[in-house]
Trainee: 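Here it is: the structure, laid out below.
In each ligand, atom 1 is the first atom listed, and ligand 1 is the first ligand listed.
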Amino acid sequence: MKLYDAHCHLFGASRHKVVVNGTCPADWREVIEFAEKDPQVISAIGLHPWQVQDAPSDWQASFFKQIDSAQAVGEIGLDQWIEGYDIERQQAAFSWQLEQAAQRNLPVSIHCLKASDSLLRILKTQPCPKRGIHLHAYSGSAEQVSHFAQWDAYFSFHAGQLGDRAQKAPAALQAVPIDRLLIESDAPDTIPSSEAHATFLLRGYQRAAELRGLTVEALAEQVAANFKRYFLYD
Ligand SMILES: [Zn+2]
């Protein structure tokens, strides 16, 4: 079964198709070169909200220099969960990068933790890529799914969010329109040391299939179609 990982970081070779996200100018070149060597890899470059405060002053110039060699924008976003966050600087960096993605109609991988209202405010005031946006490791409520869906949002989840005792992410996953559902690993940090990338990714598919009342094969076929529509075609 062919699986598609909608969001991860540099961790080594994968037998499945993966979107590898950079987080700051220091790793963008490596992500792009990794994708150039391995056809399984789609490269995304972006300034992560956790990196905003430490970013070099010329990060936007670096972004301009490299974006034409990348296939997507990410990981970008807003985070009011992390200690010492500076939401204004995060918003400025996020808006600017979202605009760059919109101008080029590139896929965009968005991290949003405890910042749904700020994100919705920004989405209301500026253009998004025509192909839509991707909310990775979606942590909003099931109710908010329909708000984000207005911006042609895709939603991805990983196995770590979907454990037996988890409630919020499983409920949100059940509320996502089936043609907007993606599965991710967010490797390497999310994966238990005892587990391989492929096993953890498959576990996400299995749990999503259970929650949607589908066979894992049927779910995988739908997720593959969603992934290709969002990441691979204009
Ligand atoms: Zn990530």
Side-chain angles (χ1 to χ4, degrees), residues 3-14 16-32 34-35 38 40-55 59 63 66-67 70-83 85 90 93-94 97-98 100-101 106-116 118-119 132-140 148 153-163 166 168-169 172-173 181-193 195-198 200-201 203-205 208 223 227 230-231:
L3 305 182
Y4 293 79
D5 182 345
H7 182 102
C8 66
H9 299 276
L10 283 164
F11 69 94
S14 162
H16 296 298
K17 192 104 184 156
V18 294
V19 183
V20 173
N21 287 254
T23 60
C24 63
D27 69 5
W28 294 345
R29 189 78 265 166
E30 198 182 341
V31 169
I32 290 166
F34 190 50
D38 185 345
Q40 294 285 62
V41 175
I42 293 173
S43 57
I45 66 166
L47 184 66
H48 191 289
W50 296 353
Q51 304 289 338
V52 165
Q53 273 148 283
D54 297 323
W59 70 271
F63 183 95
Q66 301 190 57
I67 189 60
Q71 293 150 289
V73 173
E75 176 171 353
I76 67 173
L78 301 169
D79 191 314
Q80 297 187 109
W81 167 81
I82 193 86
E83 216 174 291
Y85 65 82
Q90 287 186 22
F94 172 72
Q97 294 179 96
L98 183 62
Q100 302 309 315
L106 287 171
V108 59
S109 217
I110 299 176
H111 164 121
C112 179
L113 264 184
K114 303 235 178 281
S116 291
S118 306
L119 177 58
I133 58 172
H134 163 218
L135 302 177
H136 113 80
Y138 179 71
S139 62
F148 287 118
Y154 287 74
F155 303 80
S156 65
F157 300 85
H158 60 74
Q161 296 177 273
L162 304 173
K168 198 173 177 189
L173 189 149
L181 180 63
L182 296 168
I183 304 297
E184 62 165 270
S185 70
D186 205 6
D189 294 347
T190 43
I191 302 193
S193 55
E195 226 169 322
H197 171 255
F200 185 76
L201 184 62
R203 200 144 63 79
Y205 275 80
V223 169
F227 182 100
Y230 188 62
F231 287 105

Trainee: Answer yes or no: is there a side-chain heavy-atom contact under 4.5 Å between Leu181 and Phe157?
Mentor: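 Leu181 reaches Phe157 side chain to side chain.
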Trainee: Under 2.8 Å from the Zn ion (ligand 1), which protein atoms of type N, O or S occur, listed by chain and number?
Mentor: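 Hits for the Zn ion (ligand 1) below 2.8 Å: His7 NE2, His9 NE2, Glu75 OE1, Asp186 OD1.
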Trainee: Do Asp79 and Tyr85 come within less than 4.5 Å of each other through their side chains, counting heavy atoms only?
Mentor: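 Result no, sub-4.5 Å side-chain heavy-atom pair not found.
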Trainee: Counting only heavy atoms not in Glu30, do more than 12 sit closer than 6.0 Å to its CD atom?
Mentor: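 No, the 6.0 Å shell around CD holds no more than 12 heavy atoms from other groups.
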Trainee: Regarding Ser109 and His134, do their side chains bring together a donor and an acceptor under 3.5 Å, going by distance alone?
Mentor: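 Yes, a side-chain donor-acceptor pair sits under 3.5 Å.
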Trainee: Of His9, His111, His7, which meets ring-ring contact (aromatic ring centres under 6.0 Å, His included) against His48?
Mentor: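 That would be His111.
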Trainee: Could you go through the side-chain hydrogen bond (donor to acceptor under 3.5 Å, both in side chains) check for His197 and Asp5 one step at a time?
Mentor: CA-CA 10 Å; His197 171 255; Asp5 182 345; 2.8 Å; yes
